[in-house]
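The next block holds one structure in the form of structure tokens; read it before the comments.
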Amino acid sequence: MFKGYSPETVDFLWGIRLNNNREWFLEHKKDYVTYLYEPTKELGKQLFTPFLDKPGNLLKVSRIYRDARMHHPLPYKESLWICIRKDVEWWAENPCLYFEITPEGISYGFILWRPRPTTMEAIRRHIASNPKPFLKLIRDTEKKTGIPITAELYKRPKPTDNPALLPYFSWKGNIACVCSEEFRPDTFGPELANRVGALLEALTPLYEFFNQFCV
């Protein structure tokens with residue numbers, strides 16, 4: 001059961017940012033496990049509970065070690081994240097619900113970062129043929145969450161004869177509905193799981209809509 005993060009969590013995150021080397025990490029590995037990795041893993045388990053009866057979804061909890069194949073000059077990440085998504089080859093091409101903690105604070109919500117052009121074309125065809133359910137989904141999601149859905153845009157929108165769909169025919173990628181917060185007292189307690197879980201629940205219809213078009 002998630003009991004919350006602690007000020008020591010934040011201390012470790014700032015520590016790894018300022019001392020991103022093996023020697024420092026090994027000296028503080030116990031802090032990493034106790035104050036960052038284990039609480040994040042427990043938070044992930046709690047957030048994933050509503051998805052246990054939804055086939056095809058999985059939970060990923062990141063590790064702090066960078067992939068050596070990326071040839072990044074620093075060996076460790078400066079954040080930890082949880083991702084709920086389908087079992088796919090590359091997560092960035094597919095929608096996910098996520099939570100991330102960094103030295104500055106937390107963010108959580110929905111993101112479809114780098115969809116394939118063919119995916120976006122399939123979405124445009126779908127909403128052009130049946131716009132009302134999609135437009136209602138966007139309105140309902142923004143009203144329920146109080147967060148706008150944003151996206152990276154094409155310089156030139158794709159053509160449509162429906163003015164109501166024009167903003168969405170501009171969507172290229174990085175489609176997101178995200179809450180970002182600095183650290184505050186209720187970050188350091190079990191209530192955080194309820195707050196994050198409530199937003200992910202509200203975003204699940206959006207997540208499921210985009211999953212129709214991603215493979």
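A heavy-atom distance below 4.5 Å is not found between the side chains of Lys77 and Arg17. In this structure, Cys214 and Pro95 have side chains that are in contact, with non-hydrogen atoms separated by less than 4.5 Å. Using a 4.5 Å heavy-atom cutoff, the side chains of Thr40 and Trp81 are not in contact. In this structure, the side chains of Ile82 and Lys60 stay at 4.5 Å or more apart for every pair of heavy atoms. In this structure, Tyr37 and Leu80 have side chains that are in contact, with non-hydrogen atoms separated by less than 4.5 Å. The side-chain heavy atoms of Leu200 and Tyr98, taken from C-beta on, include no pair separated by under 4.5 Å. Contact of the Leu47 side chain with the Leu97 side chain is not registered, since no non-hydrogen atoms from C-beta on lie closer than 4.5 Å. Side-chain atoms of Leu137 and Leu206, non-hydrogen and from C-beta on, do get closer than 4.5 Å to each other.
The environment of Lys172 atom NZ is sparse: at most 12 non-hydrogen atoms of other residues, nucleotides or ligands sit within 6.0 angstrom. No more than 12 heavy atoms of other residues, nucleotides or ligands lie within 6.0 Å of CD in Glu201, so this atom counts as exposed by the packing criterion. Taking a 6.0 Å sphere around CG of Asn130, one finds it holds more than 12 heavy atoms contributed by other residues, nucleotides or ligands.
Expressed to the nearest 0.5 Å, how far CZ of Phe48 lies from SG of Cys83 amounts to 10.5 Å. Between atom CZ of residue Phe110 and atom CD1 of residue Ile149 there is a gap of 8.0 Å, rounded to the nearest 0.5 Å. Atom-to-atom distance recorded for Ile111:CD1 and Phe210:CZ is 12.0 Å, nearest 0.5 angstrom. Within the model, atoms CZ of Phe183 and OG1 of Thr102 stand 6.0 Å from one another, a figure rounded to the nearest 0.5 Å. One distance of note links OG of Ser62 with CD1 of Ile101; it measures 11.0 Å at 0.5 Å rounding. Distance OG1/Thr187 to CZ/Arg195: 5.5 Å, rounded to 0.5 Å.
Paired with Phe12 under the rule ring pair (Phe, Tyr, Trp, His ring centres under 6.0 Å), one option of Tyr76, Trp24, Tyr5 passes, and it is Trp24. For the ring pair (Phe, Tyr, Trp, His ring centres under 6.0 Å) with Phe134, the lone residue among Tyr168, Phe213, Phe169 that qualifies is Tyr168.
For the pair Lys144 and Asp140, the salt-bridge criterion is not met [side-chain N within less than 4.0 Å of a carboxylate O]. Salt-bridge annotation for Glu181 and Arg184: present, with a side-chain N of the basic residue lying under 4.0 Å from a carboxylate O of the acidic one. Using a 4.0 Å cut-off between charged nitrogen and carboxylate oxygen, Glu93 and Lys86 do not count as a salt-bridge pair. Classification of Arg116 and Glu121 as a salt-bridged pair fails, no side-chain N sitting under 4.0 Å from a carboxylate O.
Ile127 and Leu166 are assigned to two separate hydrophobic clusters, defined by single-linkage of ILVMFWY side chains at heavy-atom distances under 4.5 Å.
The heavy-atom pair separating Ala92 from Leu112 by the smallest distance is O-CD1, 4.3 Å. In terms of heavy atoms, Leu13 sits closest to Ser79 at CD2-CA, 4.2 Å.
Between Glu191 and Asn194, the side chains place a donor N or O and an acceptor N or O closer than 3.5 Å (distance only, hydrogens not considered). Asn57 and Tyr207 share a side-chain donor-acceptor pair at under 3.5 Å.
Cation-pi geometry between Lys29 and Phe25 is not satisfied (NZ or CZ under 6.0 Å from the ring centre, within 45° of the ring normal).
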Going through the distances and angles, do Glu38 and Lys3 end up as a salt bridge (Lys or Arg N to Asp or Glu O under 4.0 Å)? CA-CA 10 Å; Glu38 288 296 336; Lys3 297 180 180 179; over 6 Å; no
